[in-house]
Amino acid sequence: MSDHSRTIIHLDIDCFYAQVEMVKNPALKHQPLGIQQKTIVVTSNYVARQFGIKKCMPIPEAKKLCPDLVLVKGEDLYEYRQVSQQVTDLLSQYSQFVERLGLDENFVDISELVAKRMGDADYSNLEGFVYGDVNSFDCDCGCHERLVIGSVIAQQMRNSVLEKLQLTTCAGIAHNKILAKIVGSLHKPNKQTVIFPNSAPELMISLGNVGKIPWVGHATKELLLSIDITTVAELQNCSKSQLEKVFGKEKAENILNLSFGTDESLVKLKEKPQSYGLEDSGKPLVTEQQVKEKFKEFSKRLLKLLIEDGRVPKVIKVSLRRHNPALPMGDPKETRQCLFNVDLSNETQIVAMAMSLFWKAVDKKQPFKIGVLGLGFSKLVEKPSGKRTLFEFLHGNNADRATKSDKLQESSHSFQTNCQCPPGVDKGVFAELPLEVQQELWDDYKRKEDGLKDAKKAKKSGTLLNFVVRGKMQ
DNA sequence: AAGCCCCAG
DNA sequence: CATTCTGGGGCTT
């Protein structure tokens, strides 16, 4: 018998972008509402869905189905990202193990909280729907009691999200992630569903096509098709050796397990994002100036995100897709990235780095047509404490005038003794900078070098901590 | 470390 | 107007 010791909630915010817009403007609540990105409706509220509006539906088609459809632009995800983080923060009151999936979903491992409430009479009545036949339940490991308590906690969680953030949600409660995610989507919107372990194989079969299994995407589906497997039932009945014809040993076992609703993967510790990126697929860009303008806009928006995050990036990445009149499916993106060894100093410098990466991918002498352009930052490291970074200095973050001028004086005393152009900085750009700014760049570079070493140590001990706390390696 | 692919919403 | 704008992880070099 597999392990049922955990209790996991999957929480999914109903039609997320649309709900955020309805909170901002309650007049939209009773109108059909679609969120527009470029030429499509990416999501819609439930009023609009009654008209048959679907995810990623082209605007003209949506308007035909529902002439009164109200459209709100949602290409800048900034506000959605903020509300999403508020939800995750709220859930963190229930457990340190909260894992985000996109902006509108969270897994929460509430095993500890459940253990504390076991035996409390108040927590003995199941909340919400149950998938499968409760009477056929036959496991005596205590999972039934834990999941019932889990359903009560899920209801409290959803009440809390509704009260504090005015958002309705769906929840799935199960002993693992995949089952929690699947059952949560059975009753929508604003409902919750629990599944007991013995109903797992039946739930999985009810999905029908293997593509409905979470983590089985297009590529995996095609590989399964190549060995004549299209349904979950067929997958459950196939042998591991058959799967190993097209998958590696590990992946084969993993997929077979998933088909039975078996999933040992852990809910990861809540973490800040590992990267921030922006991209735009507007009209094709054909001149250097157009590309530069795009990068400038991205830089502004990314700087805002990074200031709020508080960490600084080590890597800058440019991504692009060449405009291709060819067929719809493929998304062959090219990326160029490099170490970004200094703190972000200003927009101009970021744009300059982005452009130099751009020219690594695109031949400067040839005409070009860029369909999608993106800019991102990753390898985010904590800022050294105490001293402000150049980044904050130039953006006036938490800086009073006296401190600023003190800092300049400090710098101007020492710049001649110890200052070079740090690796990763354009030598020409560096030479143009005021001497005290050059010094600041160099100091920041040295601090970052030290910070990186610390970060590596911290990562190792973090992993060890997980092992000690959870008894398993992530 | 860089670049691509696959997964998700 | 014709699948958007993200973010995480793995594999190969």
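Letters go in sequence order (proteins before strands), and every chain restarts at 1. Both backbone and side-chain heavy atoms feed into the values below; hydrogens, waters and symmetry mates do not.
Backbone-only contact: A:Tyr276 has heavy atoms under 4.0 Å from sugar-phosphate atoms and none from a base. In this structure, A:Arg336 reaches the sugar-phosphate backbone alone: every heavy-atom distance under 4.0 Å involves primed, P, OP1 or OP2 atoms, never a base.
Phosphate contact (OP1/OP2 of C:dC5, side-chain N/O of A:Gln37, threshold under 4.0 Å): absent. Within the structure, a side-chain polar atom (N or O) of A:Thr335 is placed less than 4.0 Å from OP1 or OP2 of B:dC4. Between A:Thr39 and C:dT4 there is no side-chain polar atom (N or O) within less than 4.0 angstrom of OP1 or OP2.
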Close N/O contacts between protein and nucleotides 6-9 of chain B (under 3.5 Å):
residue : atom : partner  : partner atom : Å
B:dC7   : OP1  : A:Gly217 : N            : 3.3
B:dC7   : OP1  : A:Thr220 : N            : 2.9
B:dC7   : OP1  : A:Thr220 : OG1          : 2.4
B:dC7   : OP2  : A:His218 : N            : 3.3
B:dC7   : OP2  : A:Ala219 : N            : 3.0
B:dA8   : OP1  : A:Trp215 : N            : 2.7
B:dA8   : OP1  : A:Val216 : N            : 3.3
B:dG9   : OP1  : A:Lys181 : NZ           : 2.7
B:dG9   : O3'  : A:Asp104 : OD1          : 2.5
B:dG9   : O3'  : A:Asp104 : OD2          : 2.7

What protein N or O atoms touch nucleotides 11-13 of chain C N or O atoms at under 3.5 angstrom, if any, and at what distances?
none

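Judged as a ring pair (Phe, Tyr, Trp, His ring centres under 6.0 Å), and not counting sequence neighbours, the contacts of A:Tyr17 are A:Tyr80. Scanning for side chain to side chain contact (heavy atoms under 4.5 Å, CB included) contacts around A:Leu65 gives A:Ile53, A:Met57, with sequence neighbours left out. Every salt bridge (Lys or Arg N to Asp or Glu O under 4.0 Å) that A:Lys296 has, sequence neighbours left out, goes to A:Glu293. Annotation: side chain to side chain contact (heavy atoms under 4.5 Å, CB included) contacts of A:Tyr78 (sequence neighbours excluded): A:Asp76, A:Gln82, A:Lys304, A:Leu305, A:Glu308. Among residues two or more places apart in sequence or in another chain, the salt bridge (Lys or Arg N to Asp or Glu O under 4.0 Å) test is passed with A:Glu334 by A:Arg322. Under the ring pair (Phe, Tyr, Trp, His ring centres under 6.0 Å) criterion, A:Phe368 pairs with A:Phe358, A:Trp359, sequence neighbours left out. Annotation: ring pair (Phe, Tyr, Trp, His ring centres under 6.0 Å) contacts of A:Phe377 (sequence neighbours excluded): A:Phe340.
For the residue pair A:Glu250 / A:Asn254, no side-chain donor-acceptor distance below 3.5 Å is found, with atom types taken as modelled.
Closest to the A:Glu75 side chain, of the nucleotides B:dA2, C:dC5, C:dT6, is C:dC5. Closest contact between the side chain of A:Leu339 and the listed nucleotides C:dT6, B:dG3, B:dA2 involves B:dA2. Listed candidates were C:dT6, B:dA2, C:dT4. Nearest to the side chain of A:Val315 is B:dA2. When distances are taken from the side chain of A:Glu334 to each of C:dG7, B:dC4, C:dT6, the shortest belongs to B:dC4.
With rounding to whole Å, A:Gln36 atom CD is found 9 Å from C:dC1 atom C1'. Atom P of nucleotide C:dT6 and atom CD of A:Gln274 are separated by 17 Å, given to the nearest angstrom. Per the geometry, CZ belonging to A:Arg321 stands 15 Å off C1' belonging to B:dC5, to the nearest Å. Rounded to an integer number of Å, the gap from A:Leu380 CG to C:dG7 P is 10 Å. Straight-line distance from the CD1 atom of A:Ile35 to the C1' atom of C:dC5: 14 Å, rounded to whole Å. Straight-line distance from the CG atom of A:Leu320 to the C1' atom of B:dC4: 13 Å, rounded to whole Å. A:Ile316 places its CD1 atom 12 Å from the P atom of B:dA2, with the value rounded to the nearest Å. Remark: P of C:dC5 and NZ of A:Lys317 are 16 Å apart, rounded to the nearest angstrom.
Mapping A:Pro273 and A:Ile40 onto DNA chain C via the closest heavy atom, the residue that lands nearer the 5' end is A:Ile40.
With hydrogens and angles disregarded, no donor-acceptor distance shorter than 3.5 Å links the side chain of A:Ser199 to the backbone of A:Ile195.
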Under 3.5 Å, which donor-acceptor pairs link side chains of residues 204-211 of chain A to any protein atom two or more places apart or in another chain?
residue  : atom : partner  : partner atom : Å
A:Ser206 : OG   : A:Leu203 : O            : 2.6
A:Asn209 : OD1  : A:Gly211 : N            : 2.7

Report all side-chain donor-acceptor pairs from residues 170-178 of chain A shorter than 3.5 Å, counting only partners two or more places apart or in another chain.
residue  : atom : partner  : partner atom : Å
A:Asn176 : OD1  : A:Ile178 : N            : 3.4
A:Asn176 : OD1  : A:Leu179 : N            : 2.9
A:Asn176 : ND2  : A:Gly261 : O            : 2.8
A:Lys177 : NZ   : A:Glu99  : OE1          : 2.8
A:Lys177 : NZ   : A:Glu99  : OE2          : 3.4
A:Lys177 : NZ   : A:Leu266 : O            : 3.3

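DNA chain C lies under 4.0 Å from no heavy atom of any residue of residues 226-233 of chain A.
Side-chain contact between A:Gln36 and A:Val42 is absent, with no heavy-atom pair separated by less than 4.5 Å.
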